[in-house]
Amino acid sequence: MSTASAANVQVKLPDGTLVEHPSDATSLDVARAISEGLARNVIAAEISGTMVDASRPLGELATDDQPIELKLLTSRDEAALSVLRHSAAHVMARAVMRLYEGVSLAFGPVTEGGFYYDFELDEKISEEDFPKIEAEIKKIIKDKEPFERFIVERAEARKLCDDLDQDLKVEHIDTGLADQATVSFYRQGEFIDLCRGPHIPDAGKIKAIKLMSVAGSHWKADTAGRQLQRLYGTAFFDKKELKAYLAQIEEAKRRDHRVLGKQHGLFAINPEVGQGLCLWLPKGARVRVALEDFLRKELLSRGYDPVYSPHIGRVEMYETSGHFPYYRDSQFAPLFGSEVGAMLDAWSQKLEQGTIDRDGEEKLIEAAKVFGVELPKYKLSGAAEDKRNVLHEWQMVHERYLLKPMNCPHHCQIFKAQQRSYRQLPLRLFEFGTVYRHEQTGELNGMLRVRGLTQDDAHIFCTADQVEHEFRATIELTQFVLRSVGLDDYSVQLSLRDPNGDKYVGSEQNWNQAEGALRGVLEQSGLTYHEEEGEAAFYGPKADFMVRDCIGRSWQLGTVQLDYNLPERFKLEYNGRDNQAHRPVMIHRAPFGSLERFTGMLIEHFAGAFPLWLSPEQIRVLPLSDKSLDYAVAVAKQLDEAGLKVTVDSSGGKVQAKIRNAQLELVNYMAVVGPKEAETGMVALRDRIDGDLGSMPTAEAVARLKQEIQSRQVRQVVQTSFAAAAVDSDAIGNEY
RNA sequence: GCUGCUGUAGCUCAGUGGUAGAGCACUUCCUUGGUAAGGAAGAGGUCAUGGGUUCAAGUCCCAUCAGCAGCUCCA
């Protein structure tokens, strides 16, 4: 082994072998020295854990005298797919610029399923334009031109973007990249883009690419900012993978809970009832009841106490909790006991916003008098704050209510309703609490995002040193619940505060303590978890369960949140062993999240075919003909008495048709009964999945089903072979 | 809320400025059967709503409402 001379670099390959190359050699050259085939397959390189272009001279990348640790990435490496897709985004942008005038490029990162590029251009791109854009993309790919990287000083970069008429890039250099001395660009033929990289060696590596959709977006995600057009696409190393991906999208569409919910009579949303307000149809309601009964029983056995609270509460309570001012825009407007209450509220808001003049105030004072509201203390020349305080006194008289947007304040009041001793803690209060939130119209989505929802909510009030144990117990509860419905692929997102954010309440010390407690338990639990800064609730950090369903999609379901804030605001106290008043810690938790969202997710996960224990129709009795109808009804009665969800198909058709209907309606079991069964007291049991099981005594069929229910068996869940690519957007992209 | 697309029977969808259609489902009748579709007849529409253009509008234009996709948001 010789020491590398100044003109050479030493390269250490993953298997530990050391090779020496000239310092201007690239990763591709290293590959070529191993084999031509490898060189053809190299997509990018990983040097000491950082992804770089395979065409970067290794000399640039050596940081010290140590050998360069090089890993050549080929299409077999997951990370390479992101590089490919980002390059595909460049190719797509290049095609768009060839076809359209005046295109301003924004950003073009990779996503979980592919990539997109945001453009500003006057002409509207529609799906009808896709074939011509794709044709242009194919031309670019066929030319196999290389991606070339070059570095320039910031001022020069600005001029380059300006010369290219890329004003969004210019702006980004001025703002987002103000602290960068130099920036990198990538050139591919005539196409030059400010970009961090890395990229594939040449466009020919893209073997399968498809434009997916076009949608609106905003420059730097600011809704008030410039409107852009976002073109989505996806790319793969071979056509088979693309085909599998498209099949997965089709599968997801087939499972859409809105379609299945309608088809199977599970739920309905009707504009006359109201946007985002879910009607649970009888079959959907049965699923919900099964979930509720299951969880209620579980919670009771785990030391929870059931409580109930009303659907409305006084605004003052939500002012105390801090929710009202903070979330005013996403709550339904307050309800007023009287007209004058509404007037005072509008008045107070105008004062707050400064949108009222003296003349307006005088008129309102006169109007208030008509309603018997005298305001001698209201000084027209006074400060808005003082005026609002005067109005507030009357607002206490003319009550304002809010449709309950969350259950926490009510549960705090339940805590306060009685004297509390440390001996009673932890106090675990649970309720299926229905809350209402005025979500933006564009956010509404079937059962997944609604305006009226029922949380499987509970609040645990405990001492500081019980927090860890209680948090661990709720994590375990959530795991148990997920396992019960057959969801076992999940991880936890630990949502922390944004260190620079200002939306949070509570002391620095409490936050650190809370975040530390959550992290500690997760560390010990062995669960896979990752931390997200800036995702915390305004009152405390939270741990959210991110669940992957059977076709690889991620859902945010159960949540556990720590709260040192509400106990403070509501001045909650318990009497400690030392006979002093102490402040409890509060844990919010909901293993389902909401019944709506959880059920919607389950519909998609099971493609409407619920496991027996959750099924709205567990068994259907099919008489061979009307002659067997009486026996069928008798069997159904027997099954019903055994606690099974049973129906009888009394329609006039042939049994084949009845079976077909039951199969299509996803009934778990069918009991076919004819003269033979009537004579012997049997049923011919048919399983939706395994088909005819033959005749057996009715009691045997009951026992079989009850066993399956009791064990909460989950059968036949489609498993996808397709795994969504892991995205490391920090590593790749032109967003810097 | 923003941008774009869509709105015809309970459902899925045809309908090219000139009298509103199909399949499934539904109702009635016939059929009485053995593990994924028996037959016949019938009923069902203010073509999302409101304006406009036209001799004539489901069809073209505008507005509103709702849905969908994406953006933004999610206590």
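Letters A, B, ... are given to chains in the order of the sequence lines, protein chains preceding strands, and every chain is numbered from 1.
Within the 4.5 Å cutoff, no side-chain heavy atoms of A:Pro541 are placed close to those of A:Ser495. Between A:Leu246 and A:Met212, the closest side-chain pair of non-hydrogen atoms falls below 4.5 Å.
Qualifying salt bridge (Lys or Arg N to Asp or Glu O under 4.0 Å) partners for A:Asp167, counting only residues two or more places apart in sequence or in other chains: A:Arg226. Taking the salt bridge (Lys or Arg N to Asp or Glu O under 4.0 Å) definition, one finds that A:Glu533 meets it with nothing, sequence neighbours left out. Residues satisfying the side chain to side chain donor-acceptor pair (under 3.5 Å) test with A:Asp687, not counting sequence neighbours, are A:Arg715. A search for side chain to side chain donor-acceptor pair (under 3.5 Å) contacts involving A:Asn407 returns A:Lys404, A:Gln455, A:Asp457, not counting sequence neighbours. In terms of the salt bridge (Lys or Arg N to Asp or Glu O under 4.0 Å) criterion, residue partners of A:Lys542 (sequence neighbours excluded) are, by chain and number, A:Asp544.
Taking the side chain of A:Arg437 as heavy atoms from C-beta on, and the options B:G1, B:C74, B:G33, the nearest nucleotide is B:C74. Taking the side chain of A:Glu443 as heavy atoms from C-beta on, and the options B:A75, B:C73, B:A69, the nearest nucleotide is B:C73.
Distance A:Asp626 CG to B:C29 P: 12 Å, rounded to the nearest Å. The distance between atom CG of A:Leu231 and atom P of B:C71, rounded to the nearest whole Å, is 14 Å. Between the CD atom of A:Gln561 and the P atom of B:A75 there is a distance of 7 Å, rounded to whole Å. As rounded to whole Å, 13 Å separates atom C1' of B:C24 from atom CD of A:Glu665. The CE-P distance, from A:Met212 to B:C68, rounds to 19 Å in whole Å. Nucleotide B:C71 holds its P atom 19 Å from the NZ atom of A:Lys220, rounded to whole Å. Here B:A75 presents its P atom at 17 Å from CZ of A:Arg497, a figure rounded to the nearest Å. As a whole-Å value, the separation of A:Lys658 NZ from B:U32 P is 13 Å.
B:G18 and B:G23 have their P atoms separated by 24 Å, given to the nearest Å. With P as the reference atom, B:C26 and B:U64 are 41 Å apart, rounded to whole Å. Rounded to whole Å, the P atom of B:A9 lies 25 Å from the corresponding atom of B:G52. Nucleotides B:U59 and B:G17 have their C1' atoms positioned 7 Å apart, rounded to a whole Å. Look at the P atom in both B:U46 and B:G58: the space between them is 13 Å, to the nearest Å. The separation of B:A25 from B:G1, taken at their P atoms, amounts to 40 Å, rounded to a whole angstrom.
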Hey, what are the protein-to-nucleotides 4-13 of chain B N/O distances that come in under 3.5 Å?
none

Could you go over nucleotides 62-67 of chain B and give all protein N or O partners under 3.5 Å, atom names and distances?
from, atom 1, to, atom 2, distance (Å)
B:A66, OP1, A:Gln275, OE1, 3.2
B:G67, OP2, A:Gln275, NE2, 2.6

Under 3.5 Å between N/O atoms: give me all the protein pairs with nucleotides 44-48 of chain B, atom names plus distance.
none

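Relative orientation of the A:Tyr117 and A:Phe119 rings is parallel, given thresholds of 30° and 60° on the angle between their planes. Using cut-offs of 30° and 60° on the angle between ring planes, the pair A:His311 and A:Tyr436 is tilted.
Among the protein residues, A:Gln331 comes within range of the nucleic acid bases, having at least one heavy atom under 4.0 Å from a base atom. The residue A:Ser330 sits close to a base: some heavy atom pair falls under 4.0 Å. At a threshold of 4.0 angstrom between heavy atoms, the contacts of A:Pro409 with the nucleic acid are absent. Within 4.0 Å (heavy atoms only), A:Lys542 reaches sugar-phosphate atoms of the nucleic acid but no base atom. Counting any heavy atom pair closer than 4.0 Å across all strands shown, A:Gln263 reaches no nucleic acid atom.
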Dot-bracket, RNA chain B: Watson-Crick or G-U, under 3.5 angstrom, [ ] crossing, | other strand? (((((((..((((....[..)))).(((((.......))))).....(((((..]....))))))))))))....
Base, backbone or nothing for each nucleotide of nucleotides 35-42 of chain B, written B, S, -, heavy atoms under 4.0 angstrom, 5' to 3'? BBBS----
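Put simply, CZ on A:Arg660 and CD on A:Glu665 are 10.5 Å apart, with the number rounded to the nearest 0.5 Å.
For the OP1/OP2 pair of B:C71 and a distance below 4.0 Å, the side-chain nitrogens and oxygens of A:Tyr232 include at least one atom meeting the criterion.
The closest donor-acceptor contact from the side chain of A:Lys658 to the backbone of A:Pro623 lies under 3.5 Å.
The list of salt bridge (charged side-chain N to carboxylate O under 4.0 Å, His left out) pairs with a residue in residues 308-325 of chain A, not counting sequence neighbours, reads A:Arg314-A:Glu316, A:Arg314-A:Glu399, A:Glu316-A:Arg400, A:Glu319-A:Arg400. The salt bridge (charged side-chain N to carboxylate O under 4.0 Å, His left out) contacts involving residues 669-679 of chain A comprise nothing, where partners must be two or more places apart or lie in separate chains.
Cation-pi geometry between A:Arg230 and A:Tyr116 is met: under 6.0 angstrom from the ring centre, within 45 degrees of the axis.
A donor-acceptor contact closer than 3.5 angstrom links the side chains of A:Glu604 and A:His257.
The base of B:C74 has none of its N or O atoms less than 3.5 Å from a complementary donor or acceptor on the side chain of A:Arg451.
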